[in-house]
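The analysis underlying the following values was restricted to heavy atoms, covering all of them including side chains, and did not include hydrogens, waters or symmetry mates.
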Amino acid sequence: MIDIKLANDEKLIRIICKDLKTGKGIPFKAFSAVQKDKRLMDCKFTTLCNQKPTCDCYIHVKIADINIDRNRLYPVLWVRNVIKIYIDDGEDAAKDAASAIEVEEAF
């Protein structure tokens, strides 16, 4: 697990990255954020986001830079700015899956 001191207005969110392909075979990356109850929520990054992950990781963000869009059938976590990305090790990723850092439902 990653030990990082967070300010009151910051969160550390576990991100899972999947490599997928469209129907025409064009590759793209899909992201999911791990919630409190270990369920996954779709995660998207705005075009102005300064850093975007390329693999499973933790992202360090300010609460003001994230938003949950609940106007859809399934909610989506939107990220506007990432302070830092912490890459998972292969061994730590399996351990952290059981005790993942969560996205809080109420901001």
Side-chain angles (χ1 to χ4, degrees):
M1 186 96 107
I2 298 173
D3 292 327
I4 299 169
K5 303 262 183 192
L6 297 175
N8 289 339
D9 64 340
E10 296 176 344
K11 292 282 179 199
L12 192 65
I13 302 171
R14 171 106 165 96
I15 299 292
I16 297 174
C17 179
K18 294 178 245 168
D19 292 319
L20 301 174
K21 289 187 178 183
T22 63
K24 295 183 179 180
I26 300 169
F28 69 97
K29 294 192 182 291
F31 302 101
S32 298
V34 179
Q35 297 183 54
K36 267 192 234 188
D37 54 2
K38 311 256 187 304
R39 291 186 307 165
L40 299 178
M41 174 187 288
D42 288 340
C43 180
K44 296 183 181 185
F45 296 85
T46 63
T47 55
L48 298 176
C49 186
N50 57 349
Q51 301 177 54
K52 295 177 185 164
T54 56
C55 59
D56 291 356
C57 63
Y58 292 92
I59 58 171
H60 183 187
V61 296
K62 290 192 176 205
I63 293 176
D65 291 332
I66 58 176
N67 183 33
I68 296 178
D69 180 7
R70 291 189 175 94
N71 292 328
R72 302 167 177 246
L73 181 59
Y74 299 104
V76 174
L77 176 71
W78 283 94
V79 180
R80 285 188 290 270
N81 191 16
V82 176
I83 297 171
K84 188 165 182 182
I85 296 176
Y86 300 96
I87 305 296
D88 275 347
D89 297 351
E91 299 170 3
D92 291 340
K95 291 178 192 174
D96 291 341
S99 60
I101 295 175
E102 310 86 13
V103 175
E104 295 204 17
E105 284 296 324
F107 287 110

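Distance check: N67 CG to T46 OG1 gives 11.0 Å after rounding to the nearest 0.5 Å. A distance of 9.0 Å separates CD1 of I85 from CD1 of I15, quoted to the nearest 0.5 Å. A distance of 6.0 Å separates CG of L6 from CG of L12, quoted to the nearest 0.5 Å. Rounding to the nearest 0.5 Å places OG of S32 at 11.0 Å from CZ of R14. A distance of 10.5 Å separates CG of D65 from NE2 of H60, quoted to the nearest 0.5 Å. Residue E10 holds its CD atom at 10.0 Å from CD1 of I4, rounded to the nearest 0.5 Å.
The shortest non-hydrogen separation linking R70 to P75 is CG-CB, 4.5 Å. Of all heavy-atom pairs between Q51 and F45, the closest is O-CD2, 4.4 Å. Here the shortest heavy-atom pairing between A33 and L77 reads CB-CD2, 3.9 Å.
Residues V76 and V79 do not share a hydrophobic cluster, defined by chaining ILVMFWY side chains whose heavy atoms lie under 4.5 Å apart. The hydrophobic cluster containing I66 also contains M41, counting ILVMFWY residues as joined when their side-chain heavy atoms lie under 4.5 angstrom apart, directly or transitively. Note on I13 and I87: same hydrophobic cluster, where clusters join Ile, Leu, Val, Met, Phe, Trp and Tyr whose side-chain heavy atoms are under 4.5 Å apart, directly or indirectly. Clustering ILVMFWY residues whenever any of their side-chain heavy atoms sit less than 4.5 angstrom apart, transitively, puts I83 in a cluster other than the one holding Y58.
Within the structure, the salt bridge (Lys or Arg N to Asp or Glu O under 4.0 Å) test picks out no pair touching residues 46-55 (sequence neighbours left out).
In this structure a side-chain-to-backbone donor-acceptor pair under 3.5 Å is present from D56 to C17.
Looking at heavy atoms from C-beta onward, D42 lies out of side-chain contact with R72 at the 4.5 angstrom threshold.
L20 belongs to a hydrophobic cluster with F28, counting contacts under 4.5 Å between side-chain heavy atoms of Ile, Leu, Val, Met, Phe, Trp and Tyr, direct or through other members.
With sequence neighbours excluded, the residues satisfying side-chain contact (heavy atoms from CB on, under 4.5 Å) with N50 are N81, V82.
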